[in-house]
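Below is one structure, written out as structure tokens, with a few remarks after it.
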Amino acid sequence: MTIINLYMKKLILPVCMLLAAHAGAQLNIVPMPAAVTMGKGYTVIKEPVGFIIYDFDETDTDDNDGSRMFREYLAKQYGIKKIKEGDSRSYGLPTEIHYGTPDSQQAKGSYELKIEPKRIYIKGDAMGRFYAFQTLKQLITVNAKKEVTVPVCTINDYPRFAYRGMHLDVARHFFSAEYVKRYIDYLAFYKFNTLHWHLTEDQGWRIEIKKYPKLTEVGAWRNGTIIGRYPGTGNDNKPYGGFYTQQQIKEIIQYAADRHITIIPEIELPGHSSAAIAAYPELSCFPDEKTGIPGDMISEKSKAATGKLVQETWGVFEDVFCPSENTFTFLENVLDEVMALFPSKYIHIGGDECPKEAWKKSPFCQQLMKDKGLKDEHELQSYFIQRIEKYINSKGRQIIGWDEILEGGLAPNATVMSWRGEEGGIAAAKQKHNVIMTPGSHCYLDHSQTVNEDSVTIGGYLPLEKVYSYEPVPKELNEAEAAYVLGAQGNVWTEYITNPSKLEYMIFPRMTALAEVLWSPKEKRNWKDFERRLPQVVKNCDNWGANYSRAYFDIRATVAPAPDYNGVLWKLESNQPGAKIYYSIGKKNPAGTYREPVLVRGTYVVNGMAAANGRQGGNILSQAFNFNKATGKKITLASQPSAGYPGNGAFTLVDGVQNEKGFARSGEFLGFGGTDCEALIDLGTPQSITSIVVHSLRQQASWIWQPLSVSVMISADGTNYKEIGLTDDFVKKENGRGTMTISFDANQARYVKVKIENWGNIPAGNPGAGNKAWLFVDEIEVK
Ligand code: ACM
């Protein structure tokens, strides 16, 4: 909280404000507008505020520009009284807001905002004017005289991408209709224009369908939920669920439309369909088989049940829609009601993570494949998607699918959402299909945003800087191909996001970084300047009473090799303005002033803390070091880890830090996508050694598998190596971690070569089956 208070004080100092106003583009706006010209001084918004309307374009009848909302905002936030609708011309107003339509050349949503000392002009289409009001909201400062002011300036602004999306999974955990509106408010404020609403899943069906009442009577409820991170520590045995009535959905769609946000509904098929199958078992190829939920994850009530169940755990499940005529009729009827509710051009039909096991076992599917001349189950999935696409196209709409819809042949008019990296998006754009980029590496806001994460997240490490660095147009595309990239989207999967507060913690401030990626011209993006504006982003959250992550302001530690490979250095930093850093070795309370990296040469705990204003009380960061003969020594890798999980280079494996938290702290691991890890450690001098311990991760829901094997070779001279042992025994610890140990009689060695073999392809029946497994290694000990 200190950070924020500090900034608030700064912000209300008139001197700072004037400096800011004179220094050019020093506006505290996110996303940064395309062009800003600062003037001198500021305009005071007084009561009553009116709008003088100039219709520059007689044909523009869209008055859904948020002007009413803006007046209400001024009244609510600043006590500035609004005048009656239609009365504006009769008031002699100190501030006038003029608005009209944009140049026809500009992108939809463009606007011009001109603030003069006595007048404010707004020009734009309805969407553009709406965005001008969002910008105005961000420009308002209350000065020392308690005047509500905006700086004199001219802003010419337009969006870089036409698709600026945020996603929300309301199936793993349910968010009330009221809260969804609040989420929409956040999106609108930061100029997003699309909400991708993930409405159906294995764990719950959330949209009322009149023709199939059991979808919500049965499919919206589960008997319990696994506790903790998958595979969890049991089931909470608490009935859980919820759904939106069609009336609520209509209201939410209107609420979004009033804020220039289109909602794209997602009805998942053919996979992730357990909830629908629980309601109507005949949608499965095996209607009489009980739903599989592993024994230690299932609720007591479901243990006793005999038939289909709404899922209670996370991942990917084999029981999927059977491609029967009955299923297609069902889906068409469901889609009819969905399309009647949602006016969006696009309907998202899922298409991701559909295991093919059930189809392989089903005589019906095998016969269907023969009849249709389909050579494998991927082509059967393609047949499924293409039939649905044809239906949706026949109603004048288009489909979006996750990038798996590329497999087995892309449906002719489909838009592809690239999530397993950029490859799907690149392939689709090259095939002249529209693309929305949402790669896990940069756009999955369910990943953890700090290496100090203490709450459960699904894994992956996506700090704010990395979101900000995202470039939605892959460099592999030429200009013509790049035009197929409509934009990008932040995804919010809610397996471990159980309530609004956690949701806000996950999206703020990362969503605002993505807002700038999507809106601001590429050449305008500037991380340093975004950092300068971050305190305002945080202040916006405070004003709304929204939670947010303080990760960016947390104290940060890095471990580096000590000179001459003797020990390791613990380096501390803080982005907290004006913060002093304190540290301690062993003792709990950091009291010594930190001036230089701490030299660590033993097994002990070090603590650091950043505190502003000379006051202590910030978060304490504790780090345990485990020393062994390899710690801090020279290490080289035969091949590098994957770009998304580089850790802190090869040194990560001998830095004395043994990951304790699992995947949440993936920055402590090197990740190898489908490849082996081969490390060569130079102990400096010949030493007597008796064992090698490799620390790695098993997080199969995230496609991370333990090593297939570990083997060790040693050498005294670096030339002649002898093989000393091999193991495939993975000893499990908590948080998905585990060790593999090779012990042997004492041997003299200076060089230790450790080969850690990737599991290979993910076996059938597991999340990501058929894909290459990830290998995550965090430490190699030599004892
Ligand atoms: C996805 O994250 N399964 C699209």
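Please read these numbers as outputs of a predicted model, since none were measured by experiment. Sequential numbering from 1 along the given sequence is applied to the chain's residues. Just so you know, ligand 1 is whichever comes first in the structure, and atom 1 is the first atom listed for that ligand.
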Query raised in the report: Taking only residues at least two apart or on different chains, which pairs with a member in residues 163-175 satisfy salt bridge (Lys or Arg N to Asp or Glu O under 4.0 Å)?
Result: Asp169-Arg172, Arg172-Glu201, Arg172-Glu495
Dump all N/O pairs between ligand 1 and the protein below 3.5 Å as a table: atom names plus distance, one pair per row.
from: ligand 1; atom 1: 2 (O); to: Tyr444; atom 2: OH; distance (Å): 2.6
from: ligand 1; atom 1: 3 (N); to: Asp352; atom 2: OD2; distance (Å): 2.6
from: ligand 1; atom 1: 3 (N); to: Glu353; atom 2: OE1; distance (Å): 3.3

Query raised in the report: With ring centroids as reference points, do Phe508 and Tyr186 lie under 6.0 angstrom apart?
Result: yes
Query - Cation-pi geometry met for Arg259 and Tyr255 (6.0 Å, 45°) - result: yes
Query raised in the report: Think Arg387 forms a cation-pi with Phe328, using NZ or CZ under 6.0 Å from the six-ring centre and within 45 degrees of its axis?
Result: yes
**Report entry** Distance-only side-chain donor-acceptor flag, Gln311 / Asp202, under 3.5 Å
**Finding:** no
Query raised in the report: Do the side-chain N and O atoms of Gln203 and Glu312 include a donor-acceptor pair separated by under 3.5 angstrom?
Result: no
